[in-house]
Amino acid sequence: MIDLKLLQKDFDVMSAKLMRKGVDNTLIEALKKKNEELKAAKTAYESLQADQNAMSKEFGQLMREKKDVTELKAKVDANKINITQALETQRVAQETLESIAMSIPNIPDDDVPDGADENDNIEIKKVLTPREFSFTPKEHWELAEQNGWIDFERGVKLATSRFSVSFGMGAKLERALINFMLNFNAKRGFEEVSVPALVNRGALEGTGQLPKFEDDLYKVEGQELFLIPTAEVPVTNLYQDEILAADELPKKMTAYTSCFRKEAGAAGRDTRGMIRQHQFHKVELVALAKPDESDKIFEEMVACASDLLTALELPHRLVTLCTGDLGFGAAKTIDLEVWLPGQATYREISSVSNTRDFQARRAKIRFKDGKENTLVHTLNGSSLAVGRTLVAIMENNQQEDGSITIPEVLKPYLGM
RNA sequence: GGAUCUUUGGCAGAGUUGGUCGAAUGCACCGGUCUUGAAAACCGGCGAGGGUUAUACCUCCCAGAGUUCGAAUCUCUGAGGGUCCA
């Protein structure tokens, strides 16, 4: 959630920043107005309540002295009607304000480029040069089927479209990649955690998936539980509603989980292969940091993901997302895109974001900053999407006969 | 699934005939005195959110609803934990 106090104080600056992200100005105006209304309603209610409390105290006094209370009771009763009304006004104002505020995205950092969509993202740099093929490289689904690594039909048989099954070396490679990534991240100071794949509404509100993006989440019938769309949700919310000691920060964590997404808005996109699945494996990085160190941690996380790709000998590039392509909670995001020879294009394989205090404000994650309690900054990034990494290995390491060479760093994990 | 007990500040733990209770006490933590330094001892501070220039003031004792002039304390519902029975 954005900082309403700041909005109130620096309305012009804040609204200009939000408009860069495409937030409608009337919505921002409404938010400011509602915030003022709530303040007024609160003040009114609180002063009535103060009267009530004072009278109650007096009431007790009179009772003890065995004096007559009928007159006071009449006054109190009259006041009560006003309180009930004032409370209702306040409740409505609160609800309206929250429903608007919760649906407003984070403010982009000043150095995030303006832009409408992914075409306006800005490339920062390329790492490793894509290899020259002496033959026409195949797409990964062809290679996957030819090698017997992935079975798309049986995935559909078991569940529905956008599910697949890995066999043999395909399955082993997934496991090897997960272990390799977790170990790699651990060496960079990220502590491994293992978390639930189902979370409640509070957790999803904390990281911003709810209330706005419920359509893309799988919900357990009859329960307020959802399958996680990313490990970012459980890991970030680990410290929900807590006040951390300053010396506990930064908290750097890494977790492997399956992720589940309905892909509601992606009909027709990447229907073939395993680029976009309803269930996929991902190793995630999450960090909680002091505000003044979050930029540094952000760079560390980008470097970690990029170095991981380099270690796997996968050519990739780093891209700064423009305002239009930035996610709901992110103040800044750098995507890592891996080269896919079969498609002859770079495709997203990791996304590292700094949400600043946006999630922390929702999730109430703070730290003791001397005498003050201050919101932490939360950061998250994939390192990496396992399925897409497997795709990249298949396409980049394919030979003319369709066989695939295994990256050196994975061999120890495969008993090779 | 049935019965019963329980849920308080970072932790432990008082507080149930409703009224100076946002809440005793201990530990932890922070500051100070003492000490060459540390420990011990002693003194002081120490829950969160809102509000105010600062006070006042409001809210929060698992969550929600209710009774009452007034609830951490009473009633109901729900959730978590313990014990017993199945």
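Computed over heavy atoms, backbone and side chain alike; hydrogens, waters and symmetry mates excluded.
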What interatomic distance, in whole Å, is found between [atom1] of [M] and the corresponding atom of [N]?
| N | M | atom1 | result |
| --- | --- | --- | --- |
| B/U83 | B/G10 | C1' | 28 Å |
| B/A65 | B/U52 | P | 27 Å |
| B/G9 | B/C60 | C1' | 11 Å |
| B/C61 | B/A71 | C1' | 11 Å |
| B/C62 | B/U6 | C1' | 11 Å |
| B/G13 | B/G19 | P | 25 Å |
| B/G37 | B/G51 | C1' | 46 Å |
| B/G45 | B/G50 | P | 25 Å |

> How many angstroms lie between atom CG of A/L312 and atom CG of A/D307, to the nearest 0.5 angstrom?
Replying inline: 11.0 Å

> Going from CZ on A/R261 to NE2 on A/H278, what distance comes out if it is rounded to the nearest 0.5 angstrom?
Replying inline: 12.5 Å

>> A/R356 vs A/D109, test: salt bridge (charged side-chain N to carboxylate O under 4.0 Å, His left out). Steps then yes/no.
In response: CA-CA 9 Å; A/R356 307 254 171 226; A/D109 279 359; 2.6 Å; yes

Sort out the partner of [N] for me: Watson-Crick or G-U wobble, both distances under 3.5 Å, none otherwise.
| N | value |
| --- | --- |
| B/A72 | none |
| B/U36 | none |
| B/A3 | B/U83 |
| B/C60 | B/G47 |
| B/U25 | B/A12 |
| B/U55 | none |

> Between A/R347 and A/D270, does a salt bridge (charged side-chain N to carboxylate O under 4.0 Å, His left out) hold up when you go through it step by step?
Replying inline: CA-CA 11 Å; A/R347 289 301 304 262; A/D270 305 307; 3.0 Å; yes

>> Both A/K80 and A/A54 contact RNA chain B. Taking the nearest nucleotide for each, which residue is further toward the 5' end?
In response: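 Per heavy-atom nearest nucleotide, the more 5' residue is A/A54.
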
> Mapping A/M63 and A/D51 onto RNA chain B by nearest heavy atom, which one lands closer to the 5' end?
Replying inline: A/M63

>> Tell me whether A/K39 is salt-bridged to A/E36, with the criterion being a basic N under 4.0 Å from an acidic carboxylate O.
In response: no

> Between residues 36-49 of chain A and RNA chain B, which residues have a heavy-atom gap below 4.0 Å?
Replying inline: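 Listed by number, they are A/K39, A/K42, A/E46, A/Q49.
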
>> Counting the atoms with a prime plus P, OP1 and OP2 as sugar-phosphate, which does A/N79 contact under 4.0 Å by heavy atoms, base, sugar-phosphate, or nothing?
In response: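 Nothing: the residue A/N79, judged by heavy atoms under 4.0 Å, touches no strand.
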
>> Please classify the nucleic acid contact of A/Q61 as base, sugar-phosphate, or nothing, using heavy-atom distances under 4.0 Å.
In response: nothing

> Taking it one step at a time, do A/D114 and A/R20 satisfy salt bridge (charged side-chain N to carboxylate O under 4.0 Å, His left out)?
Replying inline: CA-CA 7 Å; A/D114 281 311; A/R20 288 183 67 210; 3.0 Å; yes

> Do you know which of A/R362, A/R361, A/R366 makes salt bridge (charged side-chain N to carboxylate O under 4.0 Å, His left out) with A/D241?
Replying inline: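 Between A/D241 and the candidates, salt bridge (charged side-chain N to carboxylate O under 4.0 Å, His left out) is satisfied uniquely by A/R366.
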
>> Does A/D295 form a salt bridge (charged side-chain N to carboxylate O under 4.0 Å, His left out) with A/K332? I'd like the steps, not just the answer.
In response: CA-CA 10 Å; A/D295 286 322; A/K332 179 175 188 167; over 6 Å; no

> Which nucleotide span of RNA chain B, 5' end to 3' end, has atoms closer than 4.0 Å to non-hydrogen atoms of chain A?
Replying inline: B/G19 to B/G70

> With under 30° as parallel and over 60° as perpendicular, where do the rings of A/F213 and A/F328 fit, or are they tilted in between?
Replying inline: perpendicular

> Do the ring planes of A/H281 and A/Y256 sit parallel (below 30°), tilted (30 to 60°) or perpendicular (above 60°)?
Replying inline: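 Taking A/Y256 first and then A/H281, their aromatic rings sit tilted (interplane angle of 30° to 60°).
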
